[in-house]
Amino acid sequence: MTETTTKKRQDRFDPTIEAHWRDFWAREGIFTAGRRPGAPSRYILEMFPYPSGDLHVGHLKNYVIGDVLTRYYAIRGYDVLHPFGWDAFGLPAENAAIKAKRHPREWTYTNIAESKKSLGIAGIMYDWTREVTTCAPDYYRWNQWLFQLLYKKGLAYRAKSLVNWDPVDQTVLANEQVDSAGRSWRSGAIVEKRELEQWFFKITDYAERLLNDLDTLTEWPERVKTMQRNWIGKSEGAEVHFSTSAGDLTVFTTRPDTLWGATFMVLAPEHPLVAALTATEHKANVTACLAAARMKSEIDRTSTVKEKTGVFIGSYATNPVNGEQIPIWIADYVLMGYGTGAIMAVPAHDERDFAFARQFGLEIRVVVQPEGAQLDGATMIEWWTGDGVLVNSGPLDGIPAGKGEGQSVKAAIAWLEAQGRGKGAITYRLHDWLISRQRYWGTPIPMIHRADGTIVPVPDDQLPVVLPDISDFLPRGRSPLAAAEDWVSVADPETGEPARRDTDTMDTFVCSSWYFLRFTDAQNDREIFSKESSGTWMPVDQYIGGIEHAILHLLYARFITKVLYDEGLVPADEPFRALFTQGMVQRRVRIALETPAEGIVQFPEELRRKIELPAEAVSIDAARTALKPHGYTLEQDGATWEAVSGPVTMSKSAGNGVPVGPFVRQYGSDVARTVVLFAAPPENSMEWTDEGVAGAQRFLNRLVALFRPDSEAIADAGARYAATGARLPTDGMSPSERNLYRRLHVTIKKVTQDTEAFRFNTAIASMMELLNDLYRYRTDAGLATPVFGIVAQCYARLLAPFTPHLAEELYSWFGGEGTIYDAGWPIWDEAALIEDEIEVVLQVNSRVRGKINVPVQANEEELRTWALSNERVQREIEGKQIRRVIVVVGKLVNIVV
RNA sequence: GCCGGAGUGGCGGAAUGGCAGACGCGUCGGUCUCAAAAACCGAUGAGGGCAACUUCAUGUGGGUUCGACUCCCACCUUCGGCACCA
């Protein structure tokens with residue numbers, strides 16, 4: 001190697017240093033929890049992934065954020081728990097394995113090994129002694145234990161009901177896993193409704209607590225809390241019983257006070273009393289309507305919002321308040337899944353009932369009259385809502401409408417309760433959690449079906465029920481486990497008679513609803529985790545993940561934590577004290593176009609498939625026009641033309657992922673981390689670009705180029721740093737030294753505060769500013785000085801959360817021993833932030849008309865005098881009358897004329 | 001339709017009542033080089049002026065204030081969530 005290349009290498013950030021430090025951290029156990037017994041603790045956790053194999057830099061963002069916090073708290077002297085695991089069971093893993101034509105187990109473990117390697121070379125440090133893998137028997141054994149705990153507590157039950165069936169994935173799904181368009185969250189297929197007997201977790205028992213405790217989660221994004229509130233969907237009102245020929249018909253209403261205005265009733269088509277209440281002469285109509293409703297998908301049922309369909313079924317119900325006979329209809333705007341599946345219709349005071357009544361010519365009776373107006377149903381054009389007083393309502397006449405004390409709703413409930421025709425009631429939109437899955441790759445449900453039809457738990461000493469290793473695991477509408485006859489046949493644990501195992505597996509979200517608890521005691525083979533361990537670490541201090549889990553995972557995890565809290569196993573009844581939802585990493589997709597001739601391009605097959613484009617070769621202009629509506633632009637790169645998309649989320653399917661391995665080898669993980677952290681605030685999505693990479697690289701190169709040549713001199717300052725922290729006596733410093741010293745403390749403060757507030761982009765920006773100052777200072781001062789030495793020592797420490805490899809490298813150059821994470825975080829000195837002289841802005845009529853430098857202690861009177869005697873200001877105010885002078889000490893003087 | 005967030009240079013973004021555009025990218029000019037790259041130095045919101053300087057400018061319109069990106073009201077756009085929930 002020649003001298004020049006050696007020198008060049010020295011002056012640049014060298015990614016080959018990284019491996020050494022990663023080995024060092026792992027060997028020394030720097031990020032193993034419990035390293036600092038007695039120190040304050042922090043539990044930092046990123047949502048664990050399902051093992052997809054090769055990681056790209058987009059996956060990294062989530063982990064980098066957790067790693068930054070882990071290292072920040074480590075260097076501050078905390079005992080940090082930062083564990084990792086694999087959400088290895090479930091549909092995503094199983095479907096991918098099927099597609100790859102491999103056994104899910106083999107596929108999963110291969111991917112885990114690959115992903116783990118990527119995380120390793122990215123320098124994300126975890127306490128791997130606590131790694132959990134949900135598809136391992138030593139994990140799902142406790143998943144089965146948890147199921148049985150819920151069963152014992154009456155929170156797991158088996159019931160026959162109308163459930164969501166995914167025809168593509170061939171399994172049932174929980175409500176949370178079906179989107180508003182009626183599609184599976186995973187397969188995207190329109191779900192069908194099937195009547196099946198399935199296992200449920202009784203999450204509705206916890207609805208009130210899940211709702212109320214959201215208020216205690218002050219460090220959760222408001223957005224996520226709102227989504228959970230909407231999902232739980234609490235409504236307060238009353239149940240009212242109407243009598244019919246087939247017995248009592250109960251409805252739920254939030255407005256029992258409008259009962260006197262109920263002029264008909266509507267049942268959901270699936271309502272159990274429909275058959276009994278259908279009069280013979282209406283049977284044909286009703287059957288047709290039911291058939292039509294069943295044919296409609298969820299989308300159809302919700303897309304025709306305004307247009308109501310329904311039929312009269314030939315029966316009447318008695319309105320309990322006045323004995324009136326009101327007709328009973330069925331219509332699919334009434335949903336079986338909410339309330340009681342039946343409503344009393346009050347067309348004058350409900351928009352939907354109004355539309356229905358207008359369509360079918362039913363009576364509209366006004367029972368709430370606004371002051372000064374005369375509403376009547378016949379002429380009411382717009383459905384009306386608002387305040388008023390009750391009319392035509394017997395004992396409630398004259399009472400003001402409203403939910404408060406002394407208002408109509410409370411009065412109506414009191415009346416119903418006194419008459420025995422109803423009571424106050426609360427309804428939630430949240431339903432019990434359907435956890436059975438007719439799929440292979442999951443935790444077997446640890447229950448046994450006895451010959452007499454009863455169901456008993458597998459005795460604890462027979463857990464785990466190990467997932468059998470079968471080769472024919474493809475989904476086929478019932479669990480593939482049912483075909484494993486040897487496994488299914490089992491002796492009744494009490495009588496020894498032949499019995500059969502439950503052949504369904506559990507929803508993978510059960511696995512992920514408590515993994516953060518297992519991390520506190522991952523190797524415990526006697527219990528799910530010890531009380532002491534969960535007591536040490538829970539709740540998770542900072543949870544980091546994507547917004548896509550706002551309802552699913554986060555709601556389930558809160559539920560299970562509350563159940564375990566009630567059991568006395570966990571000290572906290574909320575699992576995640578603070579939640580951070582990070583934005584996506586995006587990148588443009590670049591597709592090279594074929595150029596059969598000069599000025600002519602042809603779209604390649606992959607692009608034509610994605611968007612409708614002509615197959616034949618076209619001119620550059622025509623290509624540009626064709627691409628534009630699809631969000632692509634045409635760019636020239638040398639001789640080749642490329643179609644370039646807008647930024648889209650990095651993914652395997654979009655083909656725009658930057659693989660971690662090759663990138664880190666070429667540039668270093670510190671560069672990747674800087675790109676991700678600096679480009680945008682972490683909650684925003686960010687675009688990964690070559691220019692961004694170059695910028696990050698430039699920053700690290702400049703650091704190395706500045707510090708490396710002076711590292712010996714800086715090392716001398718190390719002893720001083722150790723003795724005094726970041727502080728130096730400022731007496732005798734030159735102005736430029738004093739200024740640099742002040743800038744150091746400004747930076748320490750900013751980086752500290754920004755890091756704690758997740759403003760990593762501005763933290764890094766302030767370090768860049770300090771670096772620019774250092775370059776300027778070096779030009780001024782020429783050589784290494786005690787101030788420069790202290791700044792460099794602190795700088796290495798400030799880098800430790802963000803670019804850890806370089807930070808350790810600098811630390812060792814600067815004479816540091818052991819790890820920088822034991823070296824302490826710099827503490828800023830408020831006194832050092834104060835400038836001797838500050839610039840004060842002079843304004844005339846709020847417009848900047850000059851600036852003066854004044855001593856920082858200058859008082860109001862002095863500032864006023866200086867401002868008014870300023871030449872520039874005098875010119876401006878000449879001949880004008882001064883009306884007012886506003887002086888803001890340390891900032892500005894504004895003269896109003 | 002309802003609820004919530006956001007709107008700032010060519011771009012990502014800073015600034016939460018006091019000099020709008022920190023930091024970075026890009027672009028332009030320069031130094032070095034046979035040349036290029038890299039690196040370094042300088043410029044860079046728009047308009048006007050030879051210049052000192054000046055006008056306009058944070059989605060739109062209004063308001064509060066000596067002073068508004070920042071606070072208040074209305075609207076527009078956009079992103080996200082919910083959506084026949086009785």
Side-chain angles (χ1 to χ4, degrees), chain A residues 8 11-12 179-181 221-231 233-235 237-238 240 251-256 258 262 265-266 268 301-308 331-335 337-346 349-353 355-356 427-429 547 550-551 647 674-675 678-681 683-687 689-699 701-702 705 750 759 761-772 775 779 839-851 872 883-888 890-897:
Chain A
K8 200 174 168 192
D11 289 348
R12 294 176 63 87
D179 70 16
S180 58
E222 210 47 55
R223 191 154 71 113
V224 173
K225 290 194 279 184
T226 305
M227 284 163 73
Q228 292 212 357
R229 279 190 197 103
N230 286 341
W231 185 261
K234 180 180 179 176
S235 287
V240 185
V251 302
F252 173 77
T253 175
T254 55
R255 293 296 304 272
T258 61
M265 296 192 73
V266 188
R301 274 181 77 156
T302 53
S303 64
T304 54
V305 173
K306 288 286 169 257
E307 208 177 298
K308 299 276 183 277
D332 58 12
Y333 82 91
V334 175
L335 309 172
Y338 184 77
T340 62
I343 62 159
M344 62 178 210
V346 185
H349 303 289
D350 180 277
E351 195 172 11
R352 294 148 304 168
D353 297 346
F356 195 83
T427 291
Y428 299 93
R429 289 167 60 194
I547 188 78
I551 294 172
T674 306
V675 173
F678 178 66
E683 66 274 20
N684 288 15
S685 63
M686 59 143 307
E687 188 186 344
T689 62
D690 292 348
E691 289 77 14
V693 171
Q697 215 178 1
R698 208 168 290 148
F699 170 51
N701 286 342
R702 274 164 61 81
K750 176 103 176 118
R759 292 191 296 251
N761 57 327
T762 51
I764 292 173
S766 70
M767 287 192 276
M768 288 174 170
E769 283 184 71
L770 183 60
L771 183 62
N772 292 341
Y775 268 89
T779 317
E839 196 179 66
V840 166
V841 173
L842 305 179
Q843 296 182 333
V844 177
N845 285 343
S846 306
R847 286 178 179 280
V848 179
R849 285 294 181 262
K851 291 163 191 179
R872 182 73 212 291
R883 301 171 67 97
R884 215 176 141 183
V885 179
I886 293 118
V887 180
V888 182
K891 290 230 166 104
L892 59 75
V893 180
N894 186 12
I895 298 153
V896 186
V897 295

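Quick note on labels: first sequence line is chain A, next is B, and so on, each numbered from 1. These numbers were taken from a predicted model, which means no experiment stands behind them.
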- Message: Let's see if you can work this out: which of B/A86, B/C66, B/C53 has an atom nearest to the side-chain heavy atoms of A/Thr254?
- Response: B/A86
- Check every strand shown and say whether A/Glu222 touches a base, only sugar-phosphate, or nothing at a heavy-atom separation below 4.0 Å. nothing
- Query: Is any side-chain nitrogen or oxygen of A/Arg698 closer than 4.0 Å to OP1 or OP2 of B/G26?
  - Reply: yes
- Does A/Arg229 make a side-chain N or O approach to OP1 or OP2 of B/G81 shorter than 4.0 Å? no
- Task: For A/Asp350 and B/A86, give me the distance from atom CG to atom P, rounded to whole Å.
- Result: 9 Å
- Phosphate OP1/OP2 of B/U16: any A/Arg759 side-chain N/O under 4.0 Å: no
- When the distance from CG of A/Leu842 to C1' of B/G18 is rounded to whole Å, what number comes out? 13 Å
- Task: Report yes if a side-chain nitrogen or oxygen of A/Asn761 is closer than 4.0 Å to either non-bridging phosphate oxygen (OP1 or OP2) of B/A22; otherwise report no.
- Result: no
- Which part of the nucleic acid, if any, lies within contact of A/Gly695, taking any heavy atom under 4.0 Å across all strands shown: a base, the sugar-phosphate backbone alone, or nothing? sugar-phosphate
- Which nucleotide in B/A14, B/C41, B/C23 has an atom nearest any side-chain atom of A/Phe678: B/C23
- Message: Side chain of A/Ala765, heavy atoms from C-beta onward: which of B/A22, B/A38, B/G24 has the nearest atom to it?
- Response: B/A22
- Message: Let me check I have this right: for RNA chain B, each base becomes ., (, ), [, ] or |, based on Watson-Crick or G-U pairs with both distances under 3.5 Å. What is the full string?
- Response: (((((((..(((.....[....)))((((((.......))))))((((....))))..(((((..]....))))))))))))....
- Item | Phosphate contact (B/G13 OP1 or OP2) by A/Asn684 side-chain N/O below 4.0 Å | yes
- Query: A/Ile886 CD1 to B/G17 P: how many Å, rounded?
  - Reply: 18 Å
- Message: What is the distance, to the nearest angstrom, from the CZ atom on A/Arg223 to the P atom on B/G81?
- Response: 8 Å
- Integer-rounded Å distance: B/A15 C1' and A/Glu769 CD: 12 Å
- Between P of B/C23 and CE of A/Met686, the distance in whole Å: 20 Å
- Query: What is the distance from CG of A/Leu771 to C1' of B/A39, rounded to the nearest Å?
  - Reply: 14 Å
- Item | Any A/Arg847 side-chain nitrogen or oxygen under 4.0 Å from OP1 or OP2 of B/C56 | yes
- Closest of B/G13, B/C84, B/C3 to the A/Asp332 side chain is B/C84
- Query: Just checking, any donor-acceptor pair under 3.5 angstrom between side chains of A/Tyr338 and A/Ser235?
  - Reply: yes
- side-chain N/O A/Ser235 vs B/A86 OP1/OP2, d < 4.0 Å: yes
- Does A/Tyr333 reach the main-chain N or O of A/Phe356 with its side chain, forming a donor-acceptor pair under 3.5 Å? no
- Message: Nearest heavy atom decides the nucleotide; on that basis, is A/Lys891 or A/Phe252 closer to the 5' end of RNA chain B?
- Response: A/Lys891
- Message: So which atom in A/Arg759 and which in A/Thr762 form the shortest heavy-atom distance, rounded to 0.1 Å?
- Response: O-OG1, 3.1 Å
- Note on the structure: A/Lys234 meets the salt bridge (charged side-chain N to carboxylate O under 4.0 Å, His left out) criterion, sequence neighbours left out, with A/Glu208
- Note on the structure: Picking from B/G18, B/U55, B/A22, the nucleotide nearest the side-chain atoms of A/Thr762 would be B/A22
- Item | Comparing A/Ala679 and A/Asn894 on RNA chain B - which has the more 5′ nearest nucleotide | A/Ala679
- Task: Could you tell me whether the side chain of A/Gln843 has a donor or acceptor atom within less than 3.5 Å of a complementary atom in the base of B/C19?
- Result: no
- Query: Do A/Arg429 and A/Asn230 have a side chain donor and acceptor closer than 3.5 Å?
  - Reply: no
- Message: Tell me the interatomic distance from A/Arg702, atom CZ, to B/C23, atom P, rounded to whole angstroms.
- Response: 11 Å
- Polar side-chain atom of A/Asp353 near backbone of A/Val346 as donor-acceptor pair, under 3.5 Å: yes
- OP1 or OP2 of B/C66 sitting under 4.0 Å from any side-chain N/O of A/Arg884? yes
- Message: Determine whether a donor-acceptor pair (N or O, by modelled atom type, separation under 3.5 Å) exists between the side chain of A/Asn761 and the backbone of A/Ala679.
- Response: no
- Query: Out of B/A15, B/A38, B/G67, which has the shortest distance to the side chain of A/Arg12?
  - Reply: B/A38
